[in-house]
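Bear in mind the structure is a predicted one, so any value in this text is a computation, not a measurement.
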Amino acid sequence: LPAVLAGTAARLGQASRALELAARVRDSEQRAWALADVACSLATFPGASASGEAGSAGRGAAEAARAAASTVQASVQPASDDDAGRGTLAARMCFGGHPLARVARALAATGQRGRAVRLATGIADPWIRSTAWTSILASGQGAPAAASAAALAIGAVHEQVLALAELARALRARSPS
């Protein structure tokens, strides 16, 4: 429940409360999900600045993104690229994306592009790496070439197609109509 409450507090713009609630989550993987939710919610909260300097939500987003980056990397990075773990991962990705990708986007959206790029570059799983690069691109901070290369590096053709479709959506969203 604290993980859900943390995200709710973030969506209400209560940065300090959201971070406190996320920090109280005992399970490291659930804490990572909560911090990713807080970081993404605060990064898109009205009044949050890209640099994370102006307003409580902006500062909270930058802080949550930094905390989420270290927690998420330590707790949810897949150990291998086997298909057995992928079923669980795919099921969990349905709500807002994998935490590593969400944190990469939050880092980029709060002016921490270097951290976002380091996070995306260090992801071992090709699908999650591609999702992270596309998330960075969607935040307006990414390079299309890096996101494209990550998508094309996926071995399974059906996943590659899905990744390229997501990349196309992100590029279309960035382009003025």
Side-chain angles (χ1 to χ4, degrees), residues 6-13 15 18 32-55 57-69 72-73 76-77 86 89-123 125-177:
T8 302
R11 283 183 278 291
L12 293 172
W33 280 85
L35 285 167
D37 189 28
V38 168
C40 291
S41 296
L42 291 175
T44 59
F45 187 78
S49 72
S51 66
E53 306 264 324
R59 284 190 299 279
E63 182 181 336
R66 281 191 297 274
V72 170
Q73 280 182 297
V76 298
Q77 175 87 344
R86 215 143 309 192
L89 180 61
R92 299 182 113 195
M93 287 172 59
C94 293
F95 184 70
H98 191 275
L100 288 168
R102 295 188 76 206
V103 169
R105 184 175 189 159
L107 286 167
T110 57
Q112 300 175 71
R113 184 184 186 280
R115 283 179 184 248
V117 167
R118 284 190 299 277
L119 175 64
T121 303
I123 298 172
D125 182 274
W127 169 259
I128 300 170
R129 184 174 51 248
S130 174
T131 305
W133 276 108
T134 300
S135 294
I136 294 169
L137 183 68
S139 76
Q141 300 293 317
S148 176
L152 292 171
I154 297 172
V157 175
H158 67 283
E159 289 183 357
Q160 192 179 78
V161 169
L162 290 172
L164 288 168
E166 286 302 313
L167 175 57
R169 280 190 202 102
L171 287 169
R172 186 177 50 212
R174 280 181 40 161
S175 301
S177 301

Legend entry - Rounded distance (nearest 0.5 Å) linking atom OG1 of Thr110 with atom CZ of Arg115: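 Spacing of OG1 (Thr110) from CZ (Arg115) equals 9.0 Å.
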
Legend entry - Atom pair CG/CG of Leu100 and Leu119 - distance to nearest 0.5 Å: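 Answer rounded to 0.5 Å: 5.5 Å.
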
Legend entry - Chi angles and distances behind the side chain to side chain contact (heavy atoms under 4.5 Å, CB included) call for Asp37, Arg11: CA-CA 9 Å; Asp37 189 28; Arg11 283 183 278 291; 3.0 Å; yes

Legend entry - Stepwise side chain to side chain contact (heavy atoms under 4.5 Å, CB included) check, Leu152 with Leu164: CA-CA 8 Å; Leu152 292 171; Leu164 288 168; 3.9 Å; yes

Looking only at non-hydrogen atoms, find the nearest pair between [X] and [Y] and report the distance.
X	Y	value
Ala104	Ala116	O-CB, 3.3 Å
Arg129	Ala153	NH2-CB, 4.4 Å
Leu137	Ala143	CD1-C, 4.0 Å
Ala108	Ser139	CB-OG, 3.1 Å
Val38	Ala6	CG2-O, 3.6 Å
Ser130	Ile154	CB-CD1, 3.8 Å

Legend entry - Expected output: side-chain Ser148 to main-chain Pro144 donor-acceptor under 3.5 Å: no

Legend entry - N/O donor-acceptor pair under 3.5 Å between Ser135 side chain and Thr131 backbone: yes

Legend entry - Min side-chain heavy-atom separation Trp133-Ile123 under 4.5 Å: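 No, too far: nothing below the 4.5 Å cut-off.
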
Inset, instruction - Name all residues meeting the side-chain hydrogen bond (donor to acceptor under 3.5 Å, both in side chains) criterion together with Gln160; count only those two or more places apart in sequence or in a different chain, and write none if there are none. - result: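 Gln160 satisfies side-chain hydrogen bond (donor to acceptor under 3.5 Å, both in side chains) with no other residue.
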
Legend entry - Residues forming a side-chain contact (heavy atoms from CB on, under 4.5 Å) with Ala156, sequence neighbours excluded: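 Partners of Ala156 under the side-chain contact (heavy atoms from CB on, under 4.5 Å) test: His158, Glu159.
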
